[in-house]
Amino acid sequence: MARDRGHAFDNAAARREVLKVIAAIPPGCVASYGQVAFEAGFPGRARWVGRLLSEGLAQHKGWHRVLRNDGMLGLPKVSPAHVEQRSMLVAEGHVFRNDRVDIAARRWRPRSDAPLVD
DNA sequence: GACATGACATAAC
DNA sequence: CGTTATGCCATGT
């Protein structure tokens, strides 16, 4: 074995965990990149989560519920994906105030009870 | 290994 | 709210 440091995160299992967490975010709630990374078991890998979403698997269920910890969306406002994400969030009942959602009130609080079934 | 880049986070101004 | 600066981690050159 050795290298428990897990040197590489390109491993499919890690990506699957992240996608599982993202898919578990209930409609009407949101989670930050860092939160998703944390819940997936990779604290501190917020940037890595963002990278994953940029790699194309962003089409997975729930991708639009992931945004920055300050309530702003990750992509630039002019980005088509930004507009798309924003409209989907609005459709779920979120209110944008100066390009931010009230993440403090809408943040997803996972129950230790709900074991993230895949 | 050095450097640069990025859908991040936090603090300071 | 905005920008800058630091720290962070994975990738790619």
Side-chain angles (χ1 to χ4, degrees):
Chain A
M1 278 313 291
R3 274 100 211 190
D4 61 55
R5 185 170 130 350
H7 62 87
F9 287 102
D10 59 61
N11 113 42
R15 291 196 328 226
R16 232 180 79 261
E17 281 304 309
V18 170
L19 295 179
K20 186 166 69 177
V21 170
I22 293 176
I25 304 171
C29 292
V30 291
S32 71
Y33 297 92
Q35 183 180 2
V36 169
F38 183 87
E39 296 298 336
F42 307 104
R45 269 55 173 193
R47 282 191 106 146
W48 175 62
V49 171
R51 170 173 289 277
L52 255 57
L53 293 182
S54 75
E55 304 235 332
L57 38 160
Q59 308 312 318
H60 286 292
K61 173 178 178 297
W63 71 269
H64 61 277
R65 304 198 181 99
V66 184
L67 38 113
R68 288 174 30 167
N69 202 37
D70 58 5
M72 281 190 287
L73 307 188
L75 289 162
K77 197 167 63 167
V78 294
S79 171
H82 177 112
V83 178
E84 177 92 10
Q85 180 176 19
R86 173 165 175 154
S87 104
M88 275 187 288
L89 288 174
V90 169
E92 289 187 357
H94 292 283
V95 176
F96 275 80
R97 189 180 157 102
N98 205 325
D99 299 325
R100 297 186 189 188
V101 304
D102 189 349
I103 191 173
R106 297 292 194 161
R107 184 185 293 280
W108 171 46
R109 267 106 181 158
R111 298 171 33 187
S112 45
D113 198 354
L116 299 191
V117 189
D118 185 348

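FYI, side chains are in, hydrogens and waters are out, and symmetry mates aren't considered; it's all heavy atoms of this structure. Lettering follows sequence order; numbering is per chain, from 1.
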Tell me the interatomic distance from [X], atom [atom1], to [N], atom [atom2], rounded to whole angstroms.
| X | N | atom1 | atom2 | value |
| --- | --- | --- | --- | --- |
| A/M72 | C/dT3 | CE | P | 9 Å |
| A/L73 | B/dA9 | CG | P | 12 Å |
| A/W48 | B/dA7 | CH2 | P | 16 Å |
| A/L67 | B/dG6 | CG | P | 21 Å |
| A/Y33 | C/dA10 | OH | P | 18 Å |
| A/R51 | C/dG12 | CZ | P | 6 Å |
| A/R97 | C/dC1 | CZ | P | 9 Å |
| A/R68 | C/dG2 | CZ | P | 10 Å |

Please name the pair of heavy atoms, one in A/A37 and one in A/A46, separated by the smallest distance, quoted to 0.1 Å.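 Taking A/A37 first and A/A46 second, the nearest heavy atoms are CB-N, 3.8 Å.
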Can you tell if the side chain of A/R106 reaches within under 4.5 Å of the side chain of A/V101, non-hydrogen atoms only?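 No. Closest side-chain heavy atoms not under 4.5 Å.
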Do the non-hydrogen side-chain atoms of A/L73 and A/L89 ever get within less than 4.5 Å of each other?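 When only atoms from C-beta onward are counted, A/L89 and A/L73 do touch, with a gap below 4.5 Å.
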Applying a 4.0 Å non-hydrogen cut-off, can you work out what A/D70 is touching in the nucleic acid: base, sugar-phosphate, or nothing?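 Contact class for A/D70: none.
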Classify the nucleic acid contact of A/S32 as base, sugar-phosphate or nothing, counting any heavy atom under 4.0 Å across all strands shown.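 Sugar-phosphate, no base atom in range.
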Rounded to whole angstrom, note down the C1' distance from B/dA7 over to C/dT13.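 My reading of the C1' atoms in B/dA7 and C/dT13 gives 22 Å.
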Take atom P in B/dA12 and the same atom in C/dC8, then report the distance between them in whole Å.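 About 16 Å, rounded to a whole number of Å.
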Connected via hydrophobic side-chain network under 4.5 Å: A/F42 and A/L52: yes
Is any side-chain nitrogen or oxygen of [X] closer than 4.0 Å to OP1 or OP2 of [N]?
| X | N | result |
| --- | --- | --- |
| A/S54 | B/dG6 | no |
| A/R45 | C/dC8 | no |
| A/R47 | C/dG7 | no |

Supply the members, apart from A/L75, of the Ile/Leu/Val/Met/Phe/Trp/Tyr cluster built from side-chain contacts under 4.5 Å; use none for a lone residue.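 Grouped by the 4.5 Å side-chain rule, A/L75 forms a cluster of one, so the answer is none.
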Side chain of A/N98 only, heavy atoms from C-beta on: which candidate in B/dA7, B/dA9, C/dC1 is closest?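 Within the option list, the nearest is C/dC1.
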Would you indicate which nucleotide in B/dA9, C/dC1, B/dA7 comes nearest to any side-chain atom of A/R100?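 For the A/R100 side chain, the nearest candidate turns out to be C/dC1.
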Within the side chain of A/Q35, is there an N or O that forms a donor-acceptor pair under 3.5 Å with the backbone of A/N69?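 No; zero donor-acceptor contacts below 3.5 Å.
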Look only at the side chain of A/R45 and the backbone of A/P43, and say whether a donor-acceptor pair between them is shorter than 3.5 Å.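 Yes, because the side chain of A/R45 sits within donor-acceptor range (under 3.5 Å) of the backbone of A/P43.
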Which dot-bracket string describes DNA chain B (Watson-Crick N1-N3 plus N6-O4 or O6-N4, or G-U N1-O2 and O6-N3, all under 3.5 Å; [ ] crossing; | other strand)? .|||||.||||||
